[in-house]
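Just below is one structure, and these are the notes that go with it.
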Amino acid sequence: MSGDHFHNDSQIDSGSRHNDSHKHKDKYKDKEHKHKDHKKDKEREKSKYSNSEHRDSSDKKHRDKDKERLKLKDGSSDKQKDKHREKKKEERSFDGKPKKEKENGFESPFIKSEPENDGFYHSPKHEKSLKRERDDDDAEFKPKKIKTEESEKKAKKRKQEEEDIKPKKKTKDKKGEAATDGKKKAKKEPEEKWKWWEEERYTDGVKWKFLEHKGPVFAPPYEPLPSNVKFYYDGKHMKLSPGAEEVATFFAKMLDHEYTTKDVFRKNFFKDWRKEMTSEEKSKLTDLNKCDFSEMSEYFKAQSEARKAMTKEEKLKIKEENERLLQEYGFCIMDNHKERIANFRIEPPGLFRGRGDHPKMGMLKRRIRPEDIIINCSKDSKYPKPPPGTKWKEVRHDNKVTWLVSWTENIQGSIKYIMLNPSSRIKGEKDWQKYEMARRLKKCVDRIRAQYREDWKSKEMRIRQRAVALYFIDKHLQELMDGLTAKVFRTYNASITLQQQLNELTSSEDNVPAKILSYNRANRAVAILCNHQRAPPKTFEKSMQNLQTKIDAKKEQLADAKRELKSAKADAKVRRDEKSKKAVESKKKAVQRIEEQLMKLEVQATDREENKQIALGTSKLNYLDPRISVAWCKKFGIPIEKIYNKTQREKFAWAIDMAEKDYEF
DNA sequence: ATTCGGACTTAGTACCTTCGCA
DNA sequence: TGCGAAGGTACTAAGTCCGAAT
C-alpha cells in the first residue's frame, strides 16, 4: 500500500489532528474565557448540590439516547446466539491454536488493492460481505435480553455460590447483602474470569445498580526539608515557611528540565508561589532569578539515588506496601463483581506541565483535600470514609455515570475522575460498542463516499472538497448513519486498514518471527494513517548500532561455520568414515542454527528501524478492533501473547474469547 | 444557533520492571 | 551478576461527543 494512500485517508479521516500549535493557542484562549466567565456560575450551581446526601439525577435524556444506540442492532436471532455459545465452548482455553478447526476454513479474500482516487481500498468482496454481515454479525452488540439455557444454568450456579445475587435487570439489590457477598467472593480466588460479554446489558442509560468502593488515596502529606538543606535568596540563607517551601520544592525538582527556563513557566510559577508565601516572605522574595534552589535540587537527587541503592528487602517492603494499597483501594464492587480501578490515587500537587507552549505552564496545581472530593456510590453501599477530621464535599448516588470519585482541578477548572480499569465490564462494553459502530460504517461507507464524491465534481475542487468534507464532518454525519461521528471514521479506517494489511502481508509459509514482523508492519501502517508519531527514542541510534554490531558478528560467525562445514565435507569425502560424516551433519546444523539467529536479528533490525518515529501503542489500544488481531493469531497459529501483553489481554478479554479465526471486521 | 461543560476516550511520556547478554 | 535496552505501567493532559444552558 502506498504512502499516498494513507495521506489521502487521513485527510478524509476526520480532520482531527492533534499537534497543530495554532489550534492549541486558540483553544487556550477559549478556555481562558470559558472559565473567567462561567466559573462563578458553575460554582454557584454546584453549591446547590453540596452536602446533599442524595442526588438522584433526572436523566431521561441519557436513557433515551442509549436506547437509541442499542436498538440499532436489533434483529439478532437465537441461532446467532447459539453459534456464539458454541464458539465459546470450543475456544475456552485459547492458546493460539484453535482446538477445533472449521472445515470450511478461511477463504482468503483479499486481493492486492489498487487504491481508488479517494484513497480508500474497496475490496471486490465488499458487496458480498456486506450482505452476509447484515445477516449474521449485525446482532453482535445488542442487549441480550433473552437468557439462553446455558446462561440460565450458569446464573443459577452463581446464585448458589453467592447466595443472593440478583440479575441486573430484575430488582434493586437489597441493602448490604450484595456488598458482603461481593467481598466474600472477591477474597476467594476468582477461579473463573467473569465473562461480562455473555451477559445482558443495561439499555436504559443505567451504568450500574450497585457500587461500593473505599474512596481515593490522597497524596502523602508534605514532609518539610531537613534543616541542613537550605534555600538562598540573593545569596543569603532564608528559612521558608512550610507552605512556601513545599511549592519551592516542586520547582527545585524540575530544575533540570528545560521548561524551568521558559519565561511563561517562570512567570506563572512565581506568581502562584507568592500566593503561598507569608507576607514577610512576599515582601522579601521579589525576583525569581535571585532564588537559589540548588541545595534542594541536590537533596532530591541524592534521595533518588538513595532509593535506587536500597537493598532488596527495602525495595520489597515498598512493593508490598503498594500491593496492600492496591488491594485495599484499587478495587470496587460493581454489580456483584470486583472490578479494578484505573487511577485510585488523587493527583499530587505540583507544577502544571501543559504540552507544547501552554500558557498555564508552571502554575501551581494545588493539593486536593477531602473537602474537594465528590464520592459516587450506591445508596445502599458502605460509603467510603473521609480521613479523620475531614468531610467529603458531597456523596452522591448517580448510577447514570461510571465514575467513583471526582474533583475539580484548579488549572483549567475541569473535572477529574476516578474510573475503572479498561478490563472492567463498563469500559469493555463501551469499547466493543465502538467497534461495532465502526463496522456499521463499513456497510454504508461506499454509499456515503459515493455521495460526497459526487459533490466534489465541480470547479475549484480543492476548496469544494474541503468545504464539503468539513460540512460533512461537522453537520451531516448523523443523517447518513446515526451514531456516525468523526471518531467512528477513524476507528473504521484504522481497523479496516489493519485487516487489509494483515491479509496482504502475512504469508502462511513464514515462520513466527516473520509473521510477527508482518503484524507489526500492518500495525505500523495504521499508526501512520492515524498519525501516531513519536520522537525517536534518545538511545535509538546507539541501540541500532549495537544491533548492527551483533548482526555483523553473527554474519562472521556464519561465514566461519560455513567454512568449517566445507572443510568437514572435504574431509568426509577423503576419509569416508562414520565419524567424519557425523561431523558434517553437526556442522550443517550449526550453520542452520546460525542462519536462523541471523535472520531473527535482521528482522528485529528492520522492525526497529521502521518503528523509529512511530508509536504503535495508541492505535493498538484504541483504534484496532482486537478481534482482527485475535482472528489473525488463530488463523496463523501465533500465540496471542506475542501480540498482546498481559494488560492488553485483560482489556481485550472479550475479543480473545469471542473472535474466531474467520472473524471479519 | 451557539456556547458551555460533564463525562468519557485518547495520547504522550516519565518512570519502573524485566529481559537478554557479556 | 551487573548493565543497558526493551517492555510495561502509571499518570495526567488533551481531545471528542453531546445534552443543557444561554
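Reminder, nothing fancy here: chain letters follow the sequence lines and each chain counts from 1.
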Check the phosphate of dC11(C) against Arg345(A), side-chain N and O only, distance under 4.0 Å to OP1 or OP2. Yes or no?
yes
Nucleotide of dT18(B), dC8(B), dA11(B) approaching Thr618(A) most closely (side-chain heavy atoms):
dA11(B)
Correct closest heavy-atom pair for Thr260(A) and His257(A) would be OG1-O, 2.7 Å
DNA chain B base-pair string [pairs: Watson-Crick or G-U under 3.5 Å; |: paired with another strand]
||||||||||||||||||||||
Looking at Met363(A), is its backbone amide N or carbonyl O close enough to the side chain of Asp272(A) to form a donor-acceptor pair, meaning the two atoms are under 3.5 Å apart?
no
Hey, is the side chain of Arg355(A) pairing donor to acceptor with the base of dA13(C) inside 3.5 Å?
yes
Parallel, tilted or perpendicular for Tyr644(A) and Phe652(A), by the 30°/60° rule?
tilted
Ring centres under 6.0 Å, that's the criterion: do Phe344(A) and His213(A) meet it?
no
Specify the separation, in whole Å, of atom CZ of Phe344(A) and atom P of dC11(C).
7 Å
Return no unless some side-chain N or O of Lys646(A) is found under 4.0 Å from OP1 or OP2 of dG7(C).
no
Taking atom P of dC15(B) as reference, at what distance in whole Å does atom CG of Asp256(A) sit?
11 Å
Derivation of the side-chain contact (heavy atoms from CB on, under 4.5 Å) call for Ile341(A) and Leu420(A)
CA-CA 4 Å; Ile341(A) 298 168; Leu420(A) 297 192; 3.9 Å; yes
Touch class at under 4.0 angstrom, heavy-atom based, for Phe352(A) against every strand present
sugar-phosphate
Using a cut-off of 4.0 Å on non-hydrogen atoms, how would the nucleic acid contact of Pro348(A) be classed: base, sugar-phosphate, or nothing?
sugar-phosphate
Is there a side-chain polar atom (N or O) of Asn645(A) under 4.0 Å from OP1 or OP2 of dG8(C)?
yes
Figure out the NZ/C1' separation between Lys612(A) and dA6(C), and round it to whole Å.
18 Å
So, is Arg353(A) close to the dA14(B) phosphate, meaning a side-chain N or O under 4.0 Å from OP1 or OP2?
no
Can you tell me the distance, in whole Å, between the NZ atom of Lys360(A) and the P atom of dA14(C)?
11 Å
When you match Leu601(A) and Ser619(A) each to their closest nucleotide on DNA chain B, which lands nearer the 5' end?
Ser619(A)
Any Lys400(A) side-chain N or O less than 4.0 Å from OP1/OP2 of dA7(B)
no
Under 4.0 Å between any heavy atoms, over every strand shown, what does Thr402(A) touch: base, sugar-phosphate, or nothing? Just pick one.
sugar-phosphate
If only atom types and distance count, is the side chain of Lys434(A) paired as donor or acceptor with the main-chain N or O of Asn622(A) below 3.5 Å?
yes
Strictly below 4.0 Å, N to O, side chains only: are Arg439(A) and Glu436(A) in salt-bridge contact?
yes
Taking the side chain from Asn410(A) and the backbone from Leu364(A), do they hold a donor-acceptor pair closer than 3.5 Å?
yes
Counting heavy atoms from C-beta on, name the nucleotide in dT12(C), dA7(B), dC17(C) closest to the side chain of Ala486(A).
dC17(C)
Within the structure, does a side-chain N or O atom of Thr647(A) lie under 4.0 Å from either OP1 or OP2 of dG8(C)?
no
Over all strands shown, is Lys550(A) touching base, sugar-phosphate only, or nothing at heavy-atom distances under 4.0 angstrom?
sugar-phosphate
Under 4.0 Å between a side-chain N or O of Gln412(A) and OP1 or OP2 of dA14(C)?
yes
Between P on dT10(B) and CE on Met419(A), what's the gap in Å once rounded to a whole number?
13 Å
To the nearest angstrom, how far is Lys434(A) atom NZ from dC18(C) atom P?
14 Å
Nearest to the side chain of Arg340(A), which nucleotide is it out of dA7(B), dA10(C), dA11(B)?
dA10(C)
Check whether any side-chain nitrogen or oxygen of Lys487(A) sits under 4.0 Å from OP1 or OP2 of dT10(B), and answer yes or no.
yes
Below 4.0 angstrom from OP1 or OP2 of dA14(C), is there any side-chain N or O of His358(A)?
yes
Send over the distance from Tyr623(A) OH to dG12(B) P, rounded to a whole Å.
9 Å
Lys427(A) vs Lys308(A), nearer the 5' end of DNA chain B by closest nucleotide:
Lys427(A)
Of dA14(C), dA7(B), dA11(B), the nucleotide closest to the side chain of Asn622(A) is dA11(B)
Aromatic plane relationship, Tyr259(A) with Phe265(A) - under 30° parallel, 30 to 60° tilted, over 60° perpendicular:
parallel
From the set dT9(C), dA14(C), dG6(B), return the single nucleotide nearest to any side-chain atom of Tyr417(A).
dG6(B)
Look at all strands and tell whether Lys365(A) reaches a base, only sugar-phosphate, or nothing, counting heavy atoms closer than 4.0 Å.
sugar-phosphate
Glu347(A) side-chain proximity, nearest of dG6(B), dA5(C), dT12(C)
dT12(C)
Name all residues meeting the salt bridge (charged side-chain N to carboxylate O under 4.0 Å, His left out) criterion together with Lys651(A); count only those two or more places apart in sequence or in a different chain, and write none if there are none.
none
May I have the distance from Glu305(A) (atom CD) to dC16(B) (atom P), rounded to whole angstrom?
12 Å
